[in-house]
Amino acid sequence: MTDFPRIQDTPLSLDALLVGSERDDCGALAIFAGTVRNHHDGRPVTHLVYTAHAALADKMIRGIEQQIARQHGVPVCRVVHRIGALRIGESAILAVVRAPHRAEAFAALRALVDAVKHRVPIWKEEFYTDGTSAFVTGCCIAEDAEDTGAHPHHEHGHGHQHA
Amino acid sequence: MTDFPRIQDTPLSLDALLVGSERDDCGALAIFAGTVRNHHDGRPVTHLVYTAHAALADKMIRGIEQQIARQHGVPVCRVVHRIGALRIGESAILAVVRAPHRAEAFAALRALVDAVKHRVPIWKEEFYTDGTSAFVTGCCIAEDAEDTGAHPHHEHGHGHQHA
Amino acid sequence: MEVRVQCFGPARRLAGDEWLSVQLDEPATVADALAALASRGDEFAALLKQCAVALGDEIVRRTHPLKSGDVVALLPPVAGG
Amino acid sequence: MEVRVQCFGPARRLAGDEWLSVQLDEPATVADALAALASRGDEFAALLKQCAVALGDEIVRRTHPLKSGDVVALLPPVAGG
């Protein structure tokens, strides 16, 4: 059961993500859920809309799973990302790692989530209580871009804002 | 719902541990499950038996939750530990942290699990395929012990072995 | 020749449309398509400098050649999670 | 005076029993109880040096006084998770 879609437009299920992931040789299961917060940089948020280049995002997430599994020597890495409109508290991303021991499980999980956030073609638009919205400025994923942004590996405030 | 028992003798439920933990101001949920492995130091393991000083362990886990929450500035830290006989794959410990951002969620989760493993009066006896068993040597929790062990903060092989 | 452009994220918002098209002299590269798109305005031009470009499910470099009928995806800086 | 001792983990295994008792001259401390228990054998004595001792749900130091009827818990090095 590793052939589930990595980009999904319905609520994410941790149980579904864990199906068939059990490993008798693993003593550690580490899980991350990124949930929608009600604020960002001090502004109250009502909901988010995620969009993606679904075909490319799916392929890239699978590649990142394999890369992190190899680099960290962990047998199980899985990620799924939600798209569409999400309410406060809903999960935008779920990531799971199983490993023999917890140290490598934690390290792999962090790397997995960071890689998906920084490299996969997904965009987050925040909607505020005042009726405006803005795309969260993100990471340039072009190797040869003319302008990769000031802080390509951290969120840095808001992008193009619209009433 | 923070008054659940931290030491439980029936299978642990992540859903139960998460009940009432939702926070609109948190964007990160990090979870760790320590599951029973089928091997330890190269020896095949059939099952484990955990025992605890339940009253003291329950009190100490609550104290560790509060300490880590304060030190890491995270609003939600919860841990539950199983006792009794556990089969391969069953969860011995579940820990969850919710935080505004993932960096502090991961840091707090690691610290939480480490503290519970190193400081709470719980003992793990491993049973092997050859019919023998051994307590996993652990961490001395007496501040004024005459002998705190060579490696008090790491598991270091097997303790008193019995046929 | 004509190349179709699918805009994602803030590029779609700035373009005002998911789909654009550009007319290019042959031979043309991704860089030529981006240069043609830059005429749509300063803000869009600035965003183009930070965009990756994909053909199908492959990100391609700015030197990648384009042929008539190609569909390129315009991928602004990403922010998943 | 008599003090009861509840053994946990490998201490229970080594003692062969969950419950032990020791007779101590008054006044006595936790250290005196541990010294009396050490007579049960070298392996047990070695483990005692690594044990914490609890009274109720408090871990107490070796200098803590004991009174008749106290029940102390013998807590060997721990290994949860």
Side-chain angles (χ1 to χ4, degrees), chain A residues 7 32-35 48-61 79 81-83 91-95 113-126 133-152 154-156 158-162, chain C residues 3-20 22 28-66 70-81:
Chain A
I7 303 294
F32 175 77
T35 57
L48 299 183
V49 173
Y50 285 93
T51 53
H53 187 307
L56 181 56
D58 188 279
K59 176 185 155 181
M60 288 180 71
I61 288 175
V79 177
H81 202 293
R82 174 92 179 270
I83 55 172
S91 292
I93 181 173
L94 293 180
V113 174
D114 285 351
V116 171
K117 287 192 175 227
H118 295 155
R119 289 160 46 191
V120 176
I122 299 172
W123 298 274
K124 171 161 59 175
E125 187 170 7
E126 294 181 333
S133 73
F135 281 94
V136 174
T137 306
C139 299
C140 174
I141 60 170
E143 288 177 18
D144 58 350
E146 293 170 68
D147 175 9
T148 59
H151 306 287
H154 295 93
E155 292 184 12
H156 41 97
H158 298 100
H160 309 278
Q161 189 164 332
H162 299 267
Chain C
V3 168
R4 297 190 73 206
V5 180
Q6 187 177 14
C7 299
F8 287 87
R12 186 177 305 178
R13 177 61 64 85
L14 271 184
D17 206 339
E18 177 174 359
W19 292 97
L20 304 173
V22 289
T29 64
V30 166
D32 297 322
L34 293 174
L37 288 166
S39 66
R40 296 182 64 88
D42 290 348
E43 200 177 0
F44 198 65
L47 184 60
L48 287 171
K49 291 182 181 175
Q50 301 186 337
C51 281
V53 171
L55 266 167
D57 64 1
E58 293 283 348
I59 291 177
V60 294
R61 301 185 70 87
R62 278 157 165 65
T63 52
H64 194 88
L66 295 176
D70 271 348
V71 175
V72 302
L74 207 51
L75 311 174
V78 306

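Keep in mind it's a predicted model, so treat the numbers as computed, not measured.
- Within the 4.5 angstrom heavy-atom criterion, only backbone atoms of A:A52 (N, CA, C, O) approach chain C.
- Residues A:S133 and C:R13 approach most closely at OG-NH1, 3.7 Å, considering heavy atoms.
- Rounded to the nearest 0.5 Å, atoms CZ (C:R62) and CG (A:D144) are 5.0 Å apart.
- The two atoms that bring C:V78 and A:P121 nearest to each other are CG1-CA, 3.5 Å, heavy atoms only.
- Between A:I141 and C:A52 the shortest heavy-atom distance is CG1-CB, 3.6 Å.
- C:L47 contributes atom CG, which lies 9.5 Å from atom CG of A:D147 (distance to the nearest 0.5 angstrom).
- When every heavy atom of C:P10 is checked against every heavy atom of A:W123, the shortest pair comes out as CD-CD1, 3.7 Å.
- Both the backbone and the side chain of A:H53 have a heavy atom closer than 4.5 Å to some heavy atom of chain C.
- Annotation for A:K59: atom NZ counts as buried by contact number, over 12 foreign heavy atoms lying within 6.0 Å.
- Put simply, of A:I83, A:L56, A:T35, the one with the most heavy-atom pairs under 4.5 Å next to chain C is A:L56.
- In terms of heavy-atom pairs under 4.5 angstrom with chain C, the leader among A:A92, A:A142, A:A95, A:A57 is A:A142.
- Between chain A and the options C:L34, C:V60, C:I59, the largest number of non-hydrogen pairs under 4.5 Å is found for C:I59.
- Shortest non-hydrogen contact noted between A:G138 and C:A79 is CA-CB, 4.1 Å.
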